[in-house]
Structure formats: C-alpha cells, structure tokens
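FYI, the numbering just counts along the sequence from 1.
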Amino acid sequence: MMHPPTTAPGSGAAPLAPVATGLVPVFVRLKLSLLRNGLRQSGGRRAAYVASAAFALLVAALQLLGLVLLRGEEHAATVSVLLVAVLALGWAVLPLFFPSGDETLDPTRLVMLPLRPRPLVRALLVSSLVGIGPLFTLCLALGTAIAVARGGAAVAVGVVAVPLVLLLCVALARAVAAANIRLLTSRKGRDLAVLSGLVIAVGAQLVNFGAQRIGSSDAGLGELDPAADVVGWIPPASALSAVHETGEARYGIAAAQLALSVVALVLLLRLWQRSLTRLMTTPDGSTLAAAEPSRTRRGGSLAGLLPPGRTGTVMERTLRYVWRDPKTKAAWVTLLAIGLLVPLFNALQGTGSVYIACFAAGMLGIQMYNQFGQDTSAFWMVAMTIASTRDAYDELRGRAYALLVVTLPYAALVTVMTAALLDVWQGLPEALGLTFALLGAMLATGAWASARFPYSIPQEGYKNAAPGQGGLVWISLLGGMLCAAALCAPLIALTIWLHASGHGSWSWLLLPVGTGYGAAVTALGLRLAAPRVAARLPEILTAVSRG
C-alpha cells in the first residue's frame with residue numbers, strides 16, 4: 001500500500017503530520033456528519049429516527065431499572081450472563097441480516113485513502129461507539145454488572161467488565177462485517193437478509209417455548225443455571241461472570257474469565273485488521289469474475305416440467321420471481337417458517353389440535369393476494385400480452401398453479417407432521433380435507449382481490465405498500481380472508497355434524513370432499529376474476545406502478 005511522504009519533496013518545509021495523527025476525532029466527526037446529513041433528507045426520516053431512538057432509550061432505561069431491582073435475587077447472575085450472551089449474538093448477526101443499516105460498516109469505501117489498517121481499526125472502533133446501539137448496550141451491560149456485583153472488589157472488576165463488554169460487542173460486529181463485506185455488498189449476498197425472517201420466526205418460537213417450559217417447571221429459572229455456567233466462559237459473557245465470581249470470592253475463576261474476554265477482544269481486533277488489510281490490497285472478486293471467459297449454462301430447464309402454452313410460461317415466470325427476487329424470497333421464507341413452526345410448536349407443547357395445521361395453508365394462501373402488485377412496474381410487460389378474458393384467465397391460472405406447486409405438498413407435509421406429533425392419525429384425513437379446501441378458497445378470493453384491490457409494493461425498503469394505499473392492503477387481505485373463511489363454512493359445518501351426530505367414522509370422506517371442493521372453488525374464483533382483470537387492466541396497471 002502506498003502512502004504519501006511525510007515531508008514536502010524539494011522544499012525545506014517542516015515535516016508534514018503523519019496520516020494517522022488525529023484520525024480518531026476525524027472519524028468521530030465523520031460518523032456524526034453522516035448521521036446529521038441522513039436526517040436532513042426528509043422530515044419523515046427525522047421523525048422515524050427520533051421515535052426509534054426514544055423507544056430504544058426507554059427500553060434501555062426500563063431494562064437498566066429491572067436489572068438493578070434484580071440485585072440480590074437468587075438467579076440474578078444466571079439472567080445477567082445469558083442476557084449479555086444474547087446481546088453479543090445480536091451484534092454478531094446484525095451485520096449479516098442488515099448490511100445496509102449502517103454505511104460506516106462498509107470499509108471498502110476507505111480503500112482509496114492512504115490509511116494503515118492498525119490506526120484505521122482504532123479510529124473505526126471509537127467511531128462505532130457513537131449511536132443508539134452502543135448506548136443501549138452500555139445500559140444493559142451496566143445493569144447486569146450492578147445486578148451481580150457484591151463488594152468493593154466486584155465493583156472494581158465491574159468497572160473494567162462493562163466497557164469490555166461494550167468493546168467486544170462492537171468489535172465483533174465490525175469483524176463480522178469486514179470479513180463478509182464483499183459478499184454482503186453483492187447482489188447475491190443481499191439474499192442473506194432472507195434468513196432474517198427465518199431466524200426471527202424460529203427465535204420467537206424458541207423463546208416462547210422455553211418461557212412456557214420454565215414457567216410450568218417447579219425449578220423455574222433454576223433450569224437455566226447449567227446453561228449460564230457454560231455461557232459464563234464465552235466472551236463477552238465471561239467478563240460479566242467475572243464480576244459475579246469476584247463477589248463470591250472465587251478470584252482465580254474471575255481472573256481467568258476476565259482474561260479470556262481480554263484475549264477475545266485482542267483476537268477480534270487482529271481478525272478485523274487482517275480483513276481490512278485483505279480488502280485494501282486485493283482486487284474485487286466481481287472484477288476478476290468479469291474478466292473470466294463466459295461459462296455456458298448447464299442443460300435442463302424448468303419449462304420442461306410445466307404445462308405447455310401460456311399457463312406453463314406464467315408458472316415458470318412466477319417461480320423464477322420467487323427464487324430470484326430478494327423481497328419475494330424473503331416473504332416466502334418467512335411465511336414458510338411461521339406456517340411450519342406455529343402448528344409444530346403447539347403440538348410439541350401438547351396444547352394444539354390437528355386442525356391448527358390449516359394455519360400453514362392460510363399463511364401461504366396470502367401470497368395469492370395482490371398478484372399483479374408483486375410484479376411492481378414490470379407488470380406493464382405482462383399487461384401488453386392480455387388482450388382478452390381468456391388471456392387473463394390463463395395468466396391467473398398460471399399464477400395459481402405456481403403457488404400450488406409449493407403450497408400443496410407443503411400444507412400436506414405440515415398436516416402429517418402435526419398429526420404425527422399429536423398421535424391423532426384418525427383426524428388426518430379430515431384435517432387434510434379442510435386444509436385443501438381452505439387453500440382453494442384463498443386462491444379463489446386472492447385472484448378476485450388481485451383484480452379488484454391491486455396496490456403497489458415498493459421495491460426498496462421493507463414497506464409492503466406505497467404511501468396512501470394502506471387501506472387497499474387491509475381491504476384486500478382482511479376482506480379476502482373473511483370471504484375465504486365463509487367459503488369454507490360448508491366443510492366446517494359438515495365436520496361438526498359428523499362428530500356431533502356420532503358419525504365420526506365417516507370423517508375420512510372429508511379428504512376427497514375437501515379436495516374436490518377446493519379445486520371447484522379455485523376454478524370458479526379464477527373464472528369470475530378473469531373478466532374483471534381484462535376490463536380493469538389500465539386501472540390495475542396504474543395502481544401497481546404507483547410509488
């Protein structure tokens with residue numbers, strides 16, 4: 001790496017200041033300038049930032065107060081150690097799921113500057129302490145230290161442990177971001193954010209399941225003591241555990257845990273520095289890939305497995321959108337995860353019913369709503385090919401069939417797994433029949449709602465509708481789901497009658513009846529929606545292209 005000379009060549013001027021001199025305050029001012037300029041872009045952004053900051057600080061203050069009140073309780077150390085571990089985990093995974101959340105996380109913006117990695121790491125580390133996240137972390141670390149500190153020696157260790165926890169969390173986030181920045185800033189790398197929906201869904205269900213198990217157990221929080229003993233040796237939780245061990249007069253263990261956190265911080269900084277060096281001295285992988293000779297695509301095509309004609313073409317296009325569009329993929333992954341976890345976790349807790357498996361069909365059936373809005377402004381290319389009611393019908397049918405390729409086997413699998421966990425195999429046929437009927441009803445109402453209440457979905461950000469179209473979203477989804485439930489009323493009434501009249505042995509008939517009913521309702525819904533799509537095509541195009 002080349003660096004400018006420290007003296008002006010050919011002159012008797014005094015030596016110039018080294019590049020690294022004053023780098024820390026420069027980067028702190030740069031971080032503040034980026035924050036200030038970002039807030040100047042719009043009043044809405046300022047309001048959102050102020051509201052989120054106020055909410056985060058309120059939660060931090062309440063957490064701090066709660067941890068202080070926890071002082072002296074029997075399981076205060078267990079709760080505090082695990083809380084610090086979860087906090088560090090959040091810092092580690094956040095850059096992977098939201099790489100664009102903080103522009104300063106991208107060190108490639110500094111590649112062309114004459115900066116050495118070591119002073120750059122120091123400056124970036126200090127500037128990273130500016131923000132709501134570090135302040136929130138500091139409040140939690142301070143609260144956990146107060147909760148477990150007993151005696152003057154423990155307080156002294158806590159004075160070291162609190163900033164150590166904060167530095168470890170920030171350094172962990174920076175090291176992870178620097179090690180993966182080439183991937184995260186690429187188009188394919190952004191697909192990693194798709195995992196956030198899955199992680200959130202799984203994490204929420206695990207927390208809920210664990211909380212219920214602890215609440216129903218006589219041991220209560222005591223069940224977490226073995227986990228806390230193990231986590232207490234993992235930085236940065238080990239720094240907090242050292243405070244507790246010092247208060248219990250186990251000074252050798254405390255010294256080892258504190259030293260472990262210090263070593264972890266040094267290793268993270270070294271890893272971060274090596275990643276920065278590699279980023280600043282090696283060419284971009286995308287440039288190398290562009291220079292390579294083009295490779296021929298492997299044989300095989302999805303179209304060969306689909307029906308001929310427009311229906312198969314529409315199916316292939318829809319399935320490719322699901323696989324290639326990050327926002328569509330994120331929605332599918334989230335719905336697939338939630339649709340599977342809710343029935344299975346209820347079954348594992350012994351509080352569920354085989355009928356709750358219908359939840360999976362309901363979650364995926366939502367994807368049929370606002371079909372044209374999912375195409376965003378590219379829908380005009382599809383609209384140009386719709387010249388008649390027949391074209392509109394083939395378009396809707398292809399989209400419905402594409403959804404069925406995934407939802408039909410998925411809903412069946414979730415229903416079978418739920419019945420297996422509950423060991424109620426006699427209820428499997430009727431549950432499958434109701435599931436298929438609900439899926440058909442949602443496809444039918446979704447097709448009609450797509451034609452009657454289309455709305456635009458912004459391509460950027462996490463918004464699901466353009467400004468001013470929130471009412472259309474609620475009318476489409478809520479109204480459509482109520483109509484789907486009404487369409488399933490005959491099957492629900494038949495199920496209740498069979499069990500109430502003592503004819504439960506005939507409940508297996510609900511499988512063929514429900515399957516046929518769902519197919520008939522889907523066909524009828526598509527037939528009724530097609531003329532409306534053909535007649536309202538200009539209005540639909542205007543609605544989905546807005547924003």
Side-chain angles (χ1 to χ4, degrees), residues 302-322 325 328 332 361-362 364-409 411 436-457 472 475-477 479-484 486-488 514-545:
L302 178 63
L305 304 175
L306 302 176
R310 180 176 182 130
T311 300
T313 303
V314 174
M315 290 179 66
E316 182 178 7
R317 184 184 71 226
T318 303
L319 293 173
R320 289 189 184 277
Y321 277 179
V322 172
D325 180 56
T328 305
W332 270 92
L364 294 186
I366 293 176
Q367 290 296 93
M368 187 63 188
Y369 293 80
N370 195 36
Q371 273 292 306
F372 307 125
Q374 296 175 20
D375 294 353
T376 63
S377 57
F379 177 67
W380 71 270
M381 301 178 66
V382 177
M384 292 178 63
T385 66
I386 300 177
S388 64
T389 299
R390 180 64 189 183
D391 293 336
Y393 175 75
D394 289 340
E395 179 72 26
L396 289 172
R397 183 173 61 177
R399 292 172 184 256
Y401 284 0
L403 290 178
L404 285 174
V405 168
V406 179
T407 58
L408 202 60
F436 295 154
L438 176 61
L439 185 58
M442 296 201 71
L443 291 178
T445 56
W448 188 85
S450 297
R452 184 63 184 84
F453 303 109
Y455 54 89
S456 174
I457 300 178
L472 288 175
I475 292 174
S476 176
L477 293 179
M481 287 189 290
L482 289 176
C483 291
L487 288 174
C488 291
T515 304
Y517 183 81
V521 168
T522 300
L524 180 62
L526 297 178
R527 291 288 182 185
L528 294 177
R532 187 171 292 273
V533 170
R536 301 186 69 247
L537 201 56
E539 299 175 37
I540 295 174
L541 181 59
T542 301
V544 302
S545 300

Rounding to 0.5 Å, atoms OH (Tyr455) and CD (Gln374) come to a distance of 8.0 Å
Tyr393 meets the side-chain contact (heavy atoms from CB on, under 4.5 Å) criterion, sequence neighbours left out, with Arg390, Arg397, Leu526, Arg527, Ala530
What one should report as the nearest heavy-atom pair of Pro454 and Ser450 is CB-O, 3.6 Å
Minimal heavy-atom distance between Thr522 and Ala444, with the atoms involved, is CA-CB, 4.1 Å
Residue set satisfying side-chain hydrogen bond (donor to acceptor under 3.5 Å, both in side chains) with Gln371, at least two apart, ordered chain then number -> Arg399
What one should report as the nearest heavy-atom pair of Ala529 and Ala451 is O-CB, 4.1 Å
Side chains of Val533 and Glu395, heavy atoms from C-beta outward: is any pair under 4.5 Å?
no
Hey, can you tell me if Phe453 and Trp448 have their rings parallel, tilted or perpendicular (30° and 60° cut-offs)? perpendicular
Correct closest heavy-atom pair for Ala484 and Met442 would be CB-CG, 3.9 Å
By side-chain hydrogen bond (donor to acceptor under 3.5 Å, both in side chains), Thr385 pairs with (sequence neighbours left out) Arg310
CG (Leu487) and OH (Tyr517) are apart, to the nearest 0.5 Å, by 5.5 Å
Flag the pair Leu404 / Leu443 as yes when at least one side-chain heavy-atom distance between them is below 4.5 Å, and no otherwise. yes
Exercise. Would you call Arg317 and Val382 a side-chain contact if the rule is heavy atoms closer than 4.5 Å?
Worked result: yes
With sequence neighbours left out, the residues meeting side-chain hydrogen bond (donor to acceptor under 3.5 Å, both in side chains) with Arg532 are none
Heavy-atom neighbours of Tyr401 OH exceed 12 at 6.0 Å
no
Sorted by chain and residue number, the side-chain hydrogen bond (donor to acceptor under 3.5 Å, both in side chains) partners of Thr445 (sequence neighbours excluded) come out as Tyr369
Rounding to 0.5 Å, atoms OG1 (Thr313) and CG (Asp394) come to a distance of 10.0 Å
Output for pair (Leu403 CG, Thr318 OG1), nearest 0.5 Å, gives 7.5 Å
Closest heavy-atom pair, Ala392 versus Ala534, reported as atoms and distance to 0.1 Å, is CB-N, 4.2 Å
Output for pair (Trp380 CH2, Leu537 CG), nearest 0.5 Å, gives 13.0 Å
CG (Leu364) and CG (Leu438) are apart, to the nearest 0.5 Å, by 10.5 Å
